Amino acid sequence: MTVRTRFAPSPTGYLHVGGARTALFSWLYARKHGGKFVLRIEDTDLERSTPESVNAILEGMTWMGLEYDEGPFYQTDRFNRYNEIIQQLLDDGHAYRCYCSKERLDELRETQMAAKTKPRYDGHCLKNKADDVDAPHVIRFRNPVGGSVIVNDLIRGKVAISNDELDDLIIRRTDGSPTYNLTVVVDDMDMNITHVIRGDDHLNNAPRQINILNALGAEAPIYAHVPMILGDDGSRLSKRHGAVSVMQYRDDGFLPEALLNYLVRLGWSHGDQEIFSIDEMISLFDINDVNKAPSSFNTEKLEWLNQHYIKESDPAHIASLLSPHMGDLGIDPSQGPDLVEVVKAQQERANTLVEMADISQFFYKDYDDFDEKAAKKNLRPVAAEPMQKIREALAALTEWSEDTIHTAIHDVADALEVKMGKVAQPLRVAVVGRAASPGIDVTLFLVGQDACLRRIDRALAYIEARANETTGN
RNA sequence: GUCCCGUUCAUCUAGAGGCCUAGGAUAUCGCCCUUUCACGGCGAGUACAGGGGUUCGACUCCCCUACGGGACGCCA
């Protein structure tokens, strides 16, 4: 038996991290067992499904690198097949027409809730035949009475649910469209899905689906219900927690490998290992090791992983990903130092690409204003002399390289008999506008001779203005 | 309300009855490295939800309580 898993989102929004993790687990399971991973779009809810959502989901899957072997299949293309099955169930007495109005059902539900019992359909139309068979109606699956259904879940273990808890669910709406519980069953059966790995909000649906499968004489797949992901604050993940869309993470400067690594460790672990390459995930992942309890999304840990991958990745690769973020800041990286060199200088200093873009702006354009604290601390009158000397030394350089810059700065420090910090730090603030930057040599080198001299002049003017301010009138 | 599921540091987790004075990671704090910021190294504090059993022994097994989540739709 070859393993076949699937990811079956409904296109009613973007791909969020919860769905992405479910997809990842499903994908890993298929890859690990040399099976197939199928993508199916569950768009039977005509009201809420949109093509934009389909695109968003596809885009998210692509960005994450979760390539599917078959699909995407659309359920809206398969209505004939569903109707065929519904007819079969009707013919076999496993389903029946129900003419109850929504009003009657609402009332029934309210009464039952008020009586503190679980709301269930009362089987009214099973007992009473309608006068007009063709009057508007839905079709209900006739759930077995008595006994219980056992879901043998790879993650939860054996879960038993009494058939008396289940009612006769609607499998076809008044408008003739099939509903979720019917379509999943038919699709999983037709697509030969062997392992259904999905969110545990579906655990309650499994018994119903198994019953339908039994009525159809089909074998049930193996289930694995993965726990939900909660937000940073432990509540249910939602839009209010900020970036829940996978694509939002891309826009926020995260690498797909970081998100993948983060997600695979959420609810699953392999001893003390934190870093997993894709290949390691595939070889080490075991659905049996997935935790039962829900886990909270922790952005700080994701950032740590992101920094790790930024640090470890090929600078040229990071540069290509960084480029659009520079663009967002109005910077054209081709006008200035080689972005790859900038990445090498910043690689250990940014949690996200957005952050890297921000701290790299000064390589391409003069800063707007000095960082107030940095300027106050470093651009003081005592810095004027060394700064002036440095300016002269740098201006005199005929060869602009990290080595020559390094020597020039050290020579000035030696001549003045002061520590490097006394000259380098004011110089840094002068050139980058703030207190933090990569090493001073490479920073100056990449900024370029002209820009360095221009900015040093600006700092000297600032120091002078400040001196006048404090001394006089 | 009814049914289902869950509960180890702030967070992600290790733990399959003695290996646990409960381990790792993130975050936090401290020290070291250092021309800044980072990186890196070292170190600190913080957890078995509560109560009953079972057992020579329970984080691990059973029961109850509390808390959290899910489901109960002509949504998926």
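Hydrogens, waters and symmetry mates play no part in the numbers below; they use all other heavy atoms, side chains included. Everything quoted here is computed from the prediction, not taken from an experiment. Per chain, numbering begins at 1; letters A, B, ... match sequence-line order.
Ranking B:U36, B:A76, B:G6 by closeness to the A:Arg349 side chain, first place goes to B:U36.
Using a distance-only test at 3.5 Å, with no hydrogens or angles considered, a donor-acceptor pair links the side chain of A:Arg349 to the main chain of A:Ala345. With A:Trp268 contributing its side chain and A:Ile287 its backbone, the two residues share no donor-acceptor pair below 3.5 Å.
The base of B:A76 is paired with the side chain of A:Asn205 by a donor and an acceptor separated by under 3.5 Å. Residue side chain A:Arg156 does not reach the base of B:C5 through any donor-acceptor N/O pair under 3.5 Å, judged by distance alone.
A:Gly439 comes within 4.0 angstrom of a nucleotide base, judged by non-hydrogen atoms across all strands. At the heavy-atom level, A:Leu266 lies under 4.0 Å from the strands shown only through sugar-phosphate atoms. Residue contacts shown for A:His202 include a base, since a base heavy atom lies under 4.0 Å away. If you check every strand for non-hydrogen atoms under 4.0 Å, A:Arg172 touches nothing. At the heavy-atom level, A:Ser295 lies under 4.0 Å from the strands shown only through sugar-phosphate atoms.
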What N/O pairs connect the protein and nucleotides 15-17 of chain B at under 3.5 Å? Give each pair on its own line.
none

Report, one pair per line, the protein and nucleotides 1-4 of chain B atoms (nitrogen or oxygen only) whose separation is under 3.5 Å.
{"unit_1": "B:G1", "atom_1": "O2'", "unit_2": "A:Lys116", "atom_2": "O", "d": "2.6"}
{"unit_1": "B:C3", "atom_1": "O4'", "unit_2": "A:Glu165", "atom_2": "OE1", "d": "3.4"}

Sub-3.5 Å pairs of nitrogen or oxygen atoms, protein against nucleotides 59-62 of chain B:
none

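For the residue pair A:Thr179/A:Asn181, the side-chain donor-acceptor check at 3.5 Å is not satisfied.
For A:Glu52, there are no salt bridge (charged side-chain N to carboxylate O under 4.0 Å, His left out) partners at least two apart in sequence or on another chain. Considering only residues two or more places apart in sequence or on other chains, A:Tyr462 meets the ring pair (Phe, Tyr, Trp, His ring centres under 6.0 Å) condition with A:Phe370. Checked against ring pair (Phe, Tyr, Trp, His ring centres under 6.0 Å), A:Tyr223 has the following partners two or more places apart in sequence or in another chain: A:His225. Partners of A:Asp45 by salt bridge (charged side-chain N to carboxylate O under 4.0 Å, His left out), not counting sequence neighbours, listed by chain and number: A:Arg48. Not a single salt bridge (charged side-chain N to carboxylate O under 4.0 Å, His left out) links A:Arg172 to another residue, sequence neighbours left out.
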Check your understanding: Can you check ring-ring contact (aromatic ring centres under 6.0 Å, His included) on A:Phe254 and A:Tyr309, steps first, answer last?
Key -> CA-CA 9 Å; A:Phe254 288 89; A:Tyr309 282 102; over 10 Å; no
Exercise for review: Using the salt bridge (charged side-chain N to carboxylate O under 4.0 Å, His left out) rule, take A:Arg78 and A:Asp190 through it: C-alpha gap first, then chi angles, then the decisive distance, then the call.
Suggested key: CA-CA 11 Å; A:Arg78 293 174 43 80; A:Asp190 286 354; 2.8 Å; yes
Exercise for review: Verify ring-ring contact (aromatic ring centres under 6.0 Å, His included) between A:His308 and A:Tyr262, making sure each step is shown before the conclusion.
Suggested key: CA-CA 11 Å; A:His308 170 84; A:Tyr262 179 72; over 10 Å; no
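Checking B:U2 for Watson-Crick or G-U wobble geometry (two distances, each under 3.5 Å) identifies B:A71 as its partner. Using the Watson-Crick or G-U wobble rule with both distances under 3.5 Å, B:C39 pairs with nothing in any strand shown. Judged by Watson-Crick or G-U wobble contacts below 3.5 Å, the nucleotide B:U28 has B:A44 as its partner. Judged by Watson-Crick or G-U wobble contacts below 3.5 Å, the nucleotide B:A22 has no partner. Using the Watson-Crick or G-U wobble rule with both distances under 3.5 Å, B:U7 pairs with B:A66.
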Check your understanding: Which letters describe nucleotides 19-31 of chain B, given B = protein heavy atom under 4.0 Å from base, S = only from sugar-phosphate, - = neither?
Key -> ----BBBSS----
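Rounded to whole angstrom, the span from the CD1 atom of A:Ile390 across to the P atom of B:U35 amounts to 15 Å. In this structure, A:Arg208 atom CZ and B:C74 atom P are separated by 10 Å, rounded to whole Å.
Salt bridge status for A:Arg458 with A:Asp366: absent, with no side-chain N to carboxylate O gap under 4.0 Å. Between A:Asp122 and A:Arg104, at least one side-chain nitrogen of the basic residue sits less than 4.0 Å from a carboxylate oxygen of the acidic one, meeting the salt-bridge criterion. With respect to A:Lys301 and A:Glu274, a salt bridge is recorded, a charged nitrogen being found less than 4.0 Å from a carboxylate O.
Positionally, the nearest nucleotide of RNA chain B for A:Lys158 lies more toward the 5' end than for the other of A:Lys158 and A:Thr183.
Distances shorter than 4.0 Å separate some side-chain N or O of A:Ser296 from OP1 or OP2 on B:C12. Contact annotation: A:Lys311 side-chain N/O to B:G40 OP1/OP2 distance is under 4.0 Å. Taking side-chain N and O atoms only, A:Thr44 has a distance below 4.0 Å to OP1 or OP2 of B:A76.
With rounding to the nearest 0.5 Å, the separation of CD1 in A:Ile170 from CG in A:Leu105 is 6.5 Å.
Here the separation of B:C33 from B:A49, taken at their P atoms, is 42 Å to the nearest Å.
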Show me, pair by pair, the donor-acceptor contacts under 3.5 angstrom made by side chains of residues 375-389 of chain A, not counting sequence neighbours?
{"unit_1": "A:Asn378", "atom_1": "ND2", "unit_2": "A:Ala374", "atom_2": "O", "d": "3.0"}
{"unit_1": "A:Arg380", "atom_1": "NE", "unit_2": "A:Lys377", "atom_2": "O", "d": "3.2"}

Pairs under 3.5 angstrom only: tabulate donor-acceptor contacts from the side chains of residues 420-440 of chain A to other protein residues two or more places apart or in another chain.
{"unit_1": "A:Gln425", "atom_1": "OE1", "unit_2": "A:Arg428", "atom_2": "NE", "d": "2.9"}
{"unit_1": "A:Gln425", "atom_1": "NE2", "unit_2": "A:Ala435", "atom_2": "O", "d": "3.1"}
{"unit_1": "A:Arg428", "atom_1": "NH1", "unit_2": "A:Ser437", "atom_2": "OG", "d": "2.7"}
{"unit_1": "A:Arg428", "atom_1": "NH1", "unit_2": "A:Pro438", "atom_2": "O", "d": "2.9"}
{"unit_1": "A:Arg434", "atom_1": "NH2", "unit_2": "A:Asp358", "atom_2": "O", "d": "3.4"}
{"unit_1": "A:Ser437", "atom_1": "OG", "unit_2": "A:Thr443", "atom_2": "OG1", "d": "3.4"}

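Between A:Phe297 and A:Tyr249, the ring planes lie tilted relative to each other; the angle falls in the 30° to 60° range.
Interface residues of residues 421-438 of chain A facing RNA chain B, ordered by number: A:Gly421, A:Ala424, A:Gln425, A:Arg428, A:Ala435, A:Ala436, A:Ser437, A:Pro438; criterion, heavy-atom separation under 4.0 Å.
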